[in-house]
Q: 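If you scroll down you'll find the structure; I have some questions about it.
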Amino acid sequence: MIRFEHVTKRYADGTTAVDDLSFEVAEGELVTLVGPSGCGKTTTMKMVNRLIEPSSGRIFLDGKDISTVDPVQLRRRIGYVIQQVGLFPHKTVLENTATVPHLLGVKRAQARERAAELLDLVGLDPGTYGSRYPEQLSGGQRQRVGVARALAADPPVLLMDEPFGAVDPVVRERLQNEFLALQRKVRKTVLFVTHDIEEAVRLGDRIAVYGEGRIEQFDPPATVLGAPATPYVAEFVGADRGLKRLSVTPIEEGDLEQPPVVHLDDPLPRDLDGRWAVVLDAEDNLHGWISAERAGGARGVVRDHARRMEAWLPVGASLKQAFATMLQHDAGWIAVIDEESAGRFLGVLTPARLHEALRRSIDADAREIAREAVDLETVS
Ligand code: ADP
Ligand code: MG
């Protein structure tokens, strides 16, 4: 979808911001460009919508050399979100979002309707926020409007330059999660610039790690963390990359343990052997848990003594979320459910299983890398 071929950008003062860059981004892929300040990320991005022209090399969008495309036409196909969103202060949120479709000739009423849909999509209720002015929004809300506006003309490509860089860490994480959910729905081809390796890892299908004006490694997050291509990348991703790896390794069904299970209307279990059982409702959905201690000498049925389960996650959530959930609820294990089937209980994740899952993912990667090395040797 986007292809760079030997692209170099030298500014008038002699600074080489981007040096002989070649890479390709597939349709529907989200690629994060990460690196320290001044390494050429913004320059790379602005060359895609021709806010900056390369000194040499070519850039293709959908197979077409963009230097032959009228910049205005080009930009209609590319949404652009930056840190300082630049909303019109005297226009409402709804009007801000409707600006682009309106400029593109969409009728006013229709443009507003579309804008309302988009606000909804980015998690802003149009009824509540549509009539507000930008200054009446929080930083995070403004960024959401920025994303909605960038999507307004339904462009196939999104360029995002540190869009969540100016909001506090808690809001940033929420915006990241929302954006991921949104991206799963809209499947744009996205170039996302950040200087934050955590953000790059969390969002990217692949990550381009920038050194000065060059890409040092271009791989999926797990590979960048598991097998940094150069000492520079290793240092950039940090010594705690094992921890970061937790956030890119999903909980799989095979990781789970199967503890004893009882149902709400069952008699109290007497054979728990000093342990506990998971409590399910009639549909096999997670309800809670019951300890051997509680079930021991009591009367009644399970329902009367079950405790609510707060430490749970859907399968596919990251091991990092699992770890955080255990800590948050001071739980020795967490329940894992299948969100697709309305919450059916699948099993529990224990710290030992979490550790095994992490090992599995590191080993799988090591095998992958070994195989690639063999493939390369066979080719050459
Ligand atoms: P990043 O976005 O990774 O922080 P930039 O692409 O903005 O990096 O900048 C890359 C390099 O190019 C830096 O050394 C920066 O100072 C330089 N640079 C950026 N814009 C200009 C410009 N208009 N003129 C001269 N040098 C520039
Ligand atoms: Mg920049």
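We count ligands from 1, going down the list as the structure has it; atoms in each ligand are counted the same way.
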Q: Between R172 and F164, is NZ or CZ placed under 6.0 angstrom from the six-membered ring centre and within 45° of the ring axis?
A: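 Ring-cation test returns no.
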
Q: What protein heavy atom is closest to atom 26 (N) of ligand 1, reported as residue, atom name and distance in Å?
A: Y11 CD1, 3.3 Å

Q: For ligand 1, indicate whether the residue V193 contacts it via side chain, backbone, both or neither (heavy-atom separation under 4.0 Å).
A: neither

Q: Do me a favour and list the nearest non-hydrogen protein atom to atom 15 (C) of ligand 1 with residue, atom name and distance?
A: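 Closest protein heavy atom to atom 15 (C) of ligand 1: T15 CG2, 4.8 Å.
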
Q: Can you check whether V248's main-chain N or O pairs, donor with acceptor, with K320's side chain at less than 3.5 Å?
A: no

Q: Which atom names give the shortest non-hydrogen contact between A306 and V279, and what distance separates them?
A: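 So the minimum-distance heavy-atom pair works out to CB-CG2, 4.0 Å.
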
Q: Looking only at atom types and distance, does a side-chain atom of R270 sit under 3.5 Å from a main-chain N or O of A295, one as donor and one as acceptor?
A: yes

Q: Distance under 4.0 Å to a non-hydrogen atom of A17: what atoms of ligand 1 satisfy this?
A: 10 (C), 11 (C), 12 (O)

Q: Students should be able to answer this: which protein heavy-atom is nearest to atom 1 (P) of ligand 1, and at what distance?
A: G38 N, 3.5 Å

Q: Compute the minimum heavy-atom distance from G40 to ligand 1 and say whether it is under 4.0 Å.
A: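 Yes, that is the case, since the closest heavy atom of the residue is under 4.0 Å from the ligand.
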
Q: Considering the heavy atoms of T42, write down every atom of ligand 1 situated less than 4.0 Å from one of them.
A: 1 (P), 2 (O), 6 (O), 7 (O)

Q: Between W333 and W276, what is the ring plane arrangement, given parallel below 30°, perpendicular above 60°, and tilted in between?
A: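 Ring orientation of W333 relative to W276: parallel.
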
Q: How far is atom 5 (P) of ligand 1 from its nearest protein heavy atom, and which residue and atom is that?
A: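 Closest protein heavy atom to atom 5 (P) of ligand 1: T43 OG1, 3.6 Å.
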
Q: Could you grab the distance from atom NE2 of H287 to atom CE of M309, nearest 0.5 Å is fine?
A: 11.5 Å

Q: A cation-pi test, strictly: NZ or CZ of R206 under 6.0 Å from the centre of the six-membered ring of F218 and no more than 45 degrees from its axis. Yes or no?
A: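 Cation-pi check for R206 and F218: passes.
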
Q: Taking both backbone and side chain into account, is any N, O or S atom of T43 nearer than 2.8 Å to the Mg ion (ligand 2)?
A: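 Coordinating: no.
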
